[in-house]
> 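I have a structure I would like to understand better, so I am pasting it below and will then ask my questions one at a time.
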2 protein chains.
Amino acid sequence: MSSTPRAWTEPAQRPVPAGAPEPLPEPARDELRLEVVMGALSDPLRMHIVRTLLLESEEFDHTCGWFGLDRPKSSLTHHFRTLREAGLIRQRQYGLERRSHVRVDDLQARFPGLLALVADWQQ
Amino acid sequence: MSSTPRAWTEPAQRPVPAGAPEPLPEPARDELRLEVVMGALSDPLRMHIVRTLLLESEEFDHTCGWFGLDRPKSSLTHHFRTLREAGLIRQRQYGLERRSHVRVDDLQARFPGLLALVADWQQ
DNA sequence: TTCGCAGTACGACTTGCATCGTACTGCGGC
DNA sequence: GCCGCAGTACGATGCAAGTCGTACTGCGAA
């Protein structure tokens, strides 16, 4: 995994740490809808979030605040929820923070090649 | 899989017939934006149109009416224009009719794998 | 030249979404 | 206990998009 910087091409995802909180409500893998996923990615800010998360998520999950986005917190909540409800990201509550990562396995299984397009996206 | 007649996986597109009208205004290949394309595909009716066109377009282009969609004509005009302005389809005016086909070459070049996802989409 | 047809243009209505301020919650540190 | 912080919930607002009826255009056939 560390030999190539593009972990999103790998089918395997790093294991969930023991004791991690349950993910927030999200669609199951077989409930993912391509048109809903694409609708979530049709917003440039959300595309940016997913792409950044994808290319930086090898080490650990990230909080909303980590991105340094210049938007009010309530706007970020809205976009992260949209991404989670579309099935693009998984969110877990760690104490104060809500950490996110891309659902690489599920997305690769259902929509192979989609994440490669996201990774190649240019702002 | 590679023996099946899925022309959308081929880089080449059938040639334009001599004397065909000029295409209606559309974004150039290098102006295509992934988030705009995905926004156009986020509507189930438009996804259906593109997918149908993709899987049936080997023979000839198709008119709006060919699809047999149960919507008023003005709604179809709206959706076909959205698809054309996003760069998904090319439209030409043949006398009375406006015929459409998917821009396979351009989309494969800019967003490889995207059309495969569309072709695998289930209503 | 008159009619019918494919599709557009326009406008009105409605819905959904992005945006954001403000109040609130829940956890951890002091 | 008390406070600060991350993030949510709620509500208001403005705007873009979907929907559709109706009038219109432009071509071809009778």
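Chain naming here is simple, since letters A, B, ... match the order of the sequence lines and numbering starts at 1 in each.
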> Does any pair with a residue in residues 36-52 of chain B pass salt bridge (Lys or Arg N to Asp or Glu O under 4.0 Å), and if so which ones, sequence neighbours excluded?
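For residues 36-52 of chain B: none.
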
> Are A:Met47 and A:Leu76 co-members of a hydrophobic cluster defined by side-chain heavy atoms under 4.5 Å apart?
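Yes, one cluster joins them.
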
> If the condition is side-chain contact (heavy atoms from CB on, under 4.5 Å), which residues does A:Arg110 pass it with, not counting sequence neighbours?
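Listed in chain order: A:Arg29, A:Leu32.
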
> Roughly how many Å is it from CG in A:Leu83 to P in C:dC17, rounded to a whole number?
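Roughly 14 Å, once rounded to whole Å.
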
> Enumerate the residue pairs fulfilling salt bridge (Lys or Arg N to Asp or Glu O under 4.0 Å) with a member in residues 77-87 of chain B, sequence neighbours excluded, ordered by first and then second residue.
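Sorted pair list comes back empty.
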
> Rounded to whole angstrom units, what separation is found between the CG atom of A:Leu41 and the P atom of C:dA18?
12 Å

> When rounded to the nearest 0.5 angstrom, what distance separates CZ in B:Phe80 from CG in B:Leu45?
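Going from the CZ atom of B:Phe80 to the CG atom of B:Leu45 covers 8.0 Å.
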
> Are any protein N/O atoms closer than 3.5 Å to N/O atoms in nucleotides 20-24 of chain D? If there are, list each pair with its distance.
unit_1	atom_1	unit_2	atom_2	d
D:dG21	N7	B:Ser74	OG	3.3
D:dG21	O6	B:Ser74	OG	2.9

> List the residues meeting side-chain contact (heavy atoms from CB on, under 4.5 Å) with A:Ser74, not counting sequence neighbours, and say none if there are none.
A:Pro72

> Can you tell me the distance, in whole Å, between the CG atom of B:Leu76 and the P atom of C:dA9?
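Value for this atom pair: 14 Å.
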
> Return whichever of B:Arg84 or A:Gly39 has its heavy-atom-nearest nucleotide of DNA chain C closer to the 5' end.
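Final value for this comparison: B:Arg84.
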
> Does A:Glu97 have any side-chain contact (heavy atoms from CB on, under 4.5 Å) partners at least two apart in sequence or in another chain, and if so, which?
A:Thr63, A:Arg99

> Using whole Å, report how far CG of B:Leu45 lies from C1' of D:dG18.
10 Å

> Which whole-number value in Å describes the distance from A:Glu85 CD to D:dA9 C1'?
13 Å

> Starting from P on D:dT25, measure out to CD on B:Gln93 and report it in whole angstrom.
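It works out to 15 Å between those atoms.
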
> Which residue lies toward the 5' end of DNA chain D, A:Arg81 or A:Glu97, if each is placed at its nearest nucleotide?
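So the residue in question is A:Glu97.
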
> List for me each residue that meets salt bridge (Lys or Arg N to Asp or Glu O under 4.0 Å) alongside B:Glu35, sequence neighbours excluded, and say none if there are none.
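Only B:Arg33 meet the salt bridge (Lys or Arg N to Asp or Glu O under 4.0 Å) criterion with B:Glu35.
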
> Can you check the B:Gln91 CD to C:dG7 C1' distance for me, whole Å?
10 Å

> Below 3.5 Å between N/O atoms, which protein atoms pair up with nucleotides 26-30 of chain D? Just atom names and distances, please.
none

> Please list, chain by chain and in numerical order, all residues satisfying side chain to side chain donor-acceptor pair (under 3.5 Å) with B:Gln123, sequence neighbours excluded.
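B:Gln123 satisfies side chain to side chain donor-acceptor pair (under 3.5 Å) with B:His48 only.
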
> Is the shortest side-chain N/O distance from B:Arg46 to OP1 or OP2 of D:dG18 below 4.0 Å?
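Yes, B:Arg46 has a side-chain N/O under 4.0 Å of OP1/OP2 on D:dG18.
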
> The side chain of B:His79 lies closest to which of these nucleotides: C:dG7, C:dA18, D:dG18?
D:dG18

> Mind calculating the distance between CZ (A:Arg98) and P (D:dA9) to the nearest angstrom?
7 Å

